[in-house]
Amino acid sequence: MDIRNLDGDDPATISLLLPGFQETMSLELPGDPPVTAALLARLFQRRHGADRIVLAAFDGGRPAGCVKLGLDEGEPGGSGHGSLWVFPSFRRRGVGAALVDAARAELRRRGRGRLLIDAPHTPAAEAFAAAHGAEHCGTHLRNRLLVRGPARAGLTDLADRAVTGYRMVHWRDGCPQELVDSYARAWQTLDAPVNGRAGVRRATAEDVRSREAEAARAGHRQYVSAAVAEDSGEVCGYATLLVRDSPMADTGETLVLAGRRRRGLGTWLKADVLSRAARENEHLALVQAFNDVHNTPIVALNRRLGFRADSSWSTYCVPC
């Protein structure tokens with residue numbers, strides 16, 4: 001078994017691993033659209049404030065599986081958090097074990113203390129985790145929403161219910177220059193950890209532009225709806241959505257500043273960004289969202305908008 005360290009930002013890496021990913025996801029998630037190069041590029045690319053590790057296992061020169069990890073550069077001794085896949089044709093041959101060992105060795109070399117891996121909650125994943133001494137340390141729900149037919153009409157209705165004292169501003173790909181500093185200040189209050197991404201600390205306009213460029217490099221269009229307070233002109237909340245060349249899009253963040261909550265802003269924002277993206281992209285049929293089961297407000301918001309959970313995903317912790 002040959003383990004290679006690949007560059008997640010190199011298009012050659014995407015081309016090399018895409019067939020195995022397409023085979024894997026068609027087996028594991030048969031109801032999803034086929035995996036595209038843009039989706040894989042987004043999964044593997046380095047994110048702002050984070051380093052990226054992509055290790056691939058090769059058997060006879062053919063990719064057999066891979067692990068991708070994000071490392072928060074603001075926490076030099078922190079975890080490496082990501083996902084591991086073994087392609088169907090190579091299962092039960094020790095590929096997963098080899099990838100775990102290689103990931104742990106790489107993290108130790110970089111002074112990192114823990115390996116965190118997300119995986120669908122299945123008996124096979126539980127058995128694999130137990131065999132490697134991993135502990136279950138979190139659960140996320142994968143939620144899906146159909147954005148055609150009656151569902152779109154419902155979203156449009158919610159988006160039309162303006163909240164008194166606020167105006168809606170929306171954009172695609174680039175935040176208006178007059179709002180970018182305020183948008184950065186709102187973003188830096190985000191405290192929900194995300195697989196493989198850096199924690200948000202003191203965000204600036206430069207950080208916002210860097211994140212916009214990331215999405216563009218991976219072939220994604222970023223939709224944003226923001227609520228601006230009439231009294232201060234400040235961004236008080238926002239919702240984001242990432243659209244690519246696929247019938248399925250991914251929700252990003254939904255945030256409302258602490259002092260502005262319980263006014264309906266979250267529902268208004270998320271309904272607006274979903275309905276606008278669906279209206280402007282006729283190919284879009286489905287949106288997925290991953291939520292920590294303990295993030296009660298976001299779980300309730302998604303249900304209110306019509307999202308339904310279709311699977312549970314676990315996070316496992318392996319000491320390095």
Side-chain angles (χ1 to χ4, degrees), residues 9 38 41-43 45-52 70 72-75 159 162-244 249-261 263-281 284 287 289 297-298 301:
D9 288 304
R42 181 68 176 163
L43 285 174
Q45 73 176 170
R46 287 179 178 84
R47 303 295 180 89
H48 181 67
D51 199 359
R52 175 71 84 220
D72 188 339
E73 293 177 330
E75 295 183 7
V163 178
T164 302
Y166 301 86
R167 60 185 174 91
M168 183 74 75
V169 179
H170 37 238
W171 62 86
R172 196 182 79 182
D173 300 328
C175 177
Q177 188 60 35
E178 66 271 16
L179 286 177
V180 68
D181 291 324
S182 180
Y183 180 51
R185 286 191 291 272
W187 175 32
Q188 74 182 17
T189 69
L190 186 71
D191 60 0
V194 180
N195 174 335
R197 299 187 201 173
V200 184
R201 295 175 178 88
R202 187 172 181 178
T204 66
E206 182 181 355
D207 296 320
V208 171
R209 299 305 184 205
S210 176
R211 190 163 72 154
E212 291 168 348
E214 282 175 7
R217 283 198 304 274
H220 284 65
R221 297 182 300 283
Q222 182 177 234
Y223 283 78
V224 183
S225 293
V228 177
E230 298 283 8
D231 56 0
S232 67
E234 287 287 304
V235 172
C236 295
Y238 66 86
T240 65
L241 183 73
L242 291 162
V243 178
R244 56 183 172 272
D250 295 303
T251 61
E253 301 153 2
T254 302
L255 177 144
V256 176
L257 297 182
R260 306 281 184 162
R261 292 173 186 167
R263 307 179 190 195
L265 286 173
T267 301
W268 186 36
L269 287 164
K270 197 159 189 175
D272 182 81
V273 77
L274 288 166
S275 61
R276 185 163 54 92
R279 187 171 60 250
E280 294 181 10
N281 296 273
L284 187 59
V287 175
I298 292 296
L301 169 60

Is there side-chain contact between Met168 and Leu269, with at least one heavy-atom pair below 4.5 Å?
yes

For residues 223-233, run the donor-acceptor check on the side chains, cut-off 3.5 Å, and write out each pair with its distance to 0.1 Å, sequence neighbours left out.
unit_1	atom_1	unit_2	atom_2	d
Tyr223	OH	Glu280	OE1	3.1
Tyr223	OH	Asn281	ND2	2.9
Ser225	OG	Asp272	OD2	2.5
Ser225	OG	Val273	N	3.4
Ser232	OG	Glu234	N	3.2

Would you compute the distance between atom OG1 of Thr251 and atom CG of Leu274 and round it to the nearest 0.5 angstrom?
8.0 Å

Arg42 backbone acceptor or donor facing Arg47 side chain under 3.5 Å
yes

Quick one: list whatever passes ring pair (Phe, Tyr, Trp, His ring centres under 6.0 Å) with Tyr166, sequence neighbours left out.
none

For Val208 versus Ala184, what's the shortest heavy-atom pair and its separation?
CG2-CB, 3.8 Å

Let's go through Glu212 and Gln222 carefully: what are the C-alpha distance in whole Å and the side-chain angles of both, what is the deciding distance for side-chain contact (heavy atoms from CB on, under 4.5 Å) to 0.1 Å, and is it a yes or a no?
CA-CA 7 Å; Glu212 291 168 348; Gln222 182 177 234; 3.7 Å; yes

Treating Thr240 as the side-chain partner and Glu253 as the backbone partner, does any N or O pair qualify as donor plus acceptor under 3.5 Å?
yes

Evaluate side-chain contact (heavy atoms from CB on, under 4.5 Å) for Leu241 paired with Val287, printing each intermediate quantity in order.
CA-CA 9 Å; Leu241 183 73; Val287 175; 3.8 Å; yes

Shortest non-hydrogen pair, Gly219 vs Ala38, comes out as O-CB, 4.2 Å

Audit row: Tyr238, Trp171, ring-ring contact (aromatic ring centres under 6.0 Å, His included) steps and yes/no
CA-CA 11 Å; Tyr238 66 86; Trp171 62 86; 8.4 Å; no

Does the side chain of Val243 come within less than 4.5 Å of His220's, by heavy atoms?
no

Going from OG1 on Thr254 to CG on Leu301, what distance comes out if it is rounded to the nearest 0.5 angstrom?
6.0 Å

For the pair Val235 and Arg185, evaluate side-chain contact (heavy atoms from CB on, under 4.5 Å) and give the outcome as yes or no after the intermediate values.
CA-CA 8 Å; Val235 172; Arg185 286 191 291 272; over 6 Å; no

Closest contact, heavy atoms only, Ser275 versus Ala159
OG-CB, 3.8 Å

Within 45° of the ring axis of Trp187 and under 6.0 Å from its six-membered ring centre, is that where the NZ or CZ of Arg211 lies?
yes

Do Leu242 and Arg221 make a side-chain contact, defined as non-hydrogen atoms from C-beta onward lying under 4.5 Å apart?
no

Run the side chain to side chain donor-acceptor pair (under 3.5 Å) test against Thr267 and tell me which residues pass, sequence neighbours left out.
Arg304

Just by distance, with hydrogens left out, do Ser210 and Asp207 show a side-chain donor and acceptor under 3.5 Å apart?
no

Who are the side chain to side chain donor-acceptor pair (under 3.5 Å) partners of Glu214, not counting sequence neighbours?
none

For Gln177, give me all partners under side chain to side chain donor-acceptor pair (under 3.5 Å), at least two apart in sequence or on another chain.
Arg209

I'd like to check the side chain to side chain donor-acceptor pair (under 3.5 Å) partners of Asp173; sequence neighbours left out, ordered by chain and number.
none

